[in-house]
Novice: 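There's a structure below that I have some questions on.
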There are 2 protein chains.
Amino acid sequence: MESTAGDLAYDVFSRACPSRGTLEHVTGRWGSLTLGALHEGGCRFNELRRRVDGVSERMLSQTLHALERDGLVHREAQPTNPPRVDYELTPLGREVADRLLALIRFVEGRMDDVLAARARYDTAAGARGGR
Amino acid sequence: MESTAGDLAYDVFSRACPSRGTLEHVTGRWGSLTLGALHEGGCRFNELRRRVDGVSERMLSQTLHALERDGLVHREAQPTNPPRVDYELTPLGREVADRLLALIRFVEGRMDDVLAARARYDTAAGARGGR
DNA sequence: CCGTATCCTGCCGGATACTG
DNA sequence: CAGTATCCGGCAGGATACGG
């Protein structure tokens, strides 16, 4: 049996597979934080910007388009004035976000270990390199 | 109650938090694939390069250093000739990879839905914009 | 308020060559 | 085999201004 690809039709480890692109939308710098923020509940554009600290208008807009195109986010625009647009996860997006959040929460919860490992690594490297 | 940050000491949604950097190492383009590849078992540098289709020497080396520094990957070098170096996940790295793999497998398994959503999106956009 | 268009810079990351 | 060093092109992504 092939342990790498298994019997999946889409193998992210293969350069040409479209799943790699989607994975990058999901796990990318802003994609992951956007999905994480929407996991708490749908919200409007500027509220989303505030939740995802540091994202620019341009990047948030771009990220949302990619996620909407992949069927992970639903966009609900109301033709009022001033305009109001709400974003929320689709059922598929929610399932993705669940798994993503599990990862994010875990990493956050183990940051002390990570920071300790870094300190050890830097000390060892400093001792070797000496500069 | 604060639903965004909860009571976690490290909040990835905050611009300044070091957990954001680690999350990017883990979910980044090559980081995620490298952790995924190592999840199947430890292996040597060039075997890893073959598993992660498309990665360059430079990027793999760089990725491995970052993951090693974060305490997710262990590097075992033997001073033989020719040199032999084995990489494997640490216990912490394995836990991270477990959650990451759950996400990757899920996305791979739902690619048909994603591709269908894209087709719908592109058709609708084409009908609107016309250009 | 909700975005898109434009410009510009930094760094991501590929190719290549070299070391141990 | 297992990397590091160097160069450099392209695009991610920030700032700003403007349109609906």
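Letters go in sequence order (proteins before strands), and every chain restarts at 1. Given the structure is predicted, the values throughout are model-derived calculations rather than measurements.
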Novice: Could you check whether A/Arg75 gets within reach of a base, just the sugar-phosphate, or nothing at all, counting any heavy atom under 4.0 Å?
Specialist: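 Sugar-phosphate contact only - A/Arg75 comes under 4.0 Å of backbone atoms but never of a base.
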Novice: Round to a whole Å and report the spacing from CG of A/Leu48 to P of C/dC1.
Specialist: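 Answer to the nearest Å: 15 Å.
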Novice: Would you kindly confirm whether A/Leu101 and B/Leu101 end up in one hydrophobic cluster when ILVMFWY residues are joined by side chain heavy atoms under 4.5 Å apart?
Specialist: no
Novice: Roughly how many Å is it from CZ in A/Arg84 to P in C/dG3, rounded to a whole number?
Specialist: 12 Å
Novice: For A/Thr22 and B/Arg118, which I'm curious about, is there any donor-acceptor pair between the side chains at under 3.5 Å?
Specialist: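 Yes, B/Arg118 and A/Thr22 have a side-chain donor paired with an acceptor closer than 3.5 Å.
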Novice: Indicate yes or no: at least one non-hydrogen side-chain atom of A/Leu89 is less than 4.5 angstrom from one of A/His74.
Specialist: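 No, side chains not in contact.
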Novice: CD of B/Glu76 versus C1' of D/dG3: gap in Å, rounded?
Specialist: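 Answer to the nearest Å: 17 Å.
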Novice: In whole Å, I'd like the distance from the OH atom of A/Tyr87 to the P atom of C/dC2.
Specialist: 9 Å
Novice: If you define the side chain from C-beta out and look only at heavy atoms, does anything of A/Leu23 sit under 4.5 Å from A/Tyr10?
Specialist: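 When only atoms from C-beta onward are counted, A/Tyr10 and A/Leu23 do not touch, as no gap falls below 4.5 Å.
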Novice: When you get a sec, tell me which of C/dC1, D/dG3, C/dC2 is the closest nucleotide to the side chain of A/Val85?
Specialist: C/dC2
Novice: Are B/Tyr121 and A/Asp70 side-chain neighbours, meaning at least one heavy-atom pair lies under 4.5 Å?
Specialist: no
Novice: Given atom CG of B/Asn81 and atom P of C/dG20, what is their separation to the nearest angstrom?
Specialist: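 The answer, rounded to whole Å, is 13 Å.
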Novice: Search all heavy atoms of A/Ser19 against all heavy atoms of B/Val107 and return the closest pair with its distance.
Specialist: O-CG1, 4.5 Å
Novice: Can you check each nucleotide of nucleotides 4-20 of chain D against protein heavy atoms at under 4.0 Å and return B for base, S for sugar-phosphate only, - for none, in 5' to 3' order?
Specialist: B-B------BBB-B--B
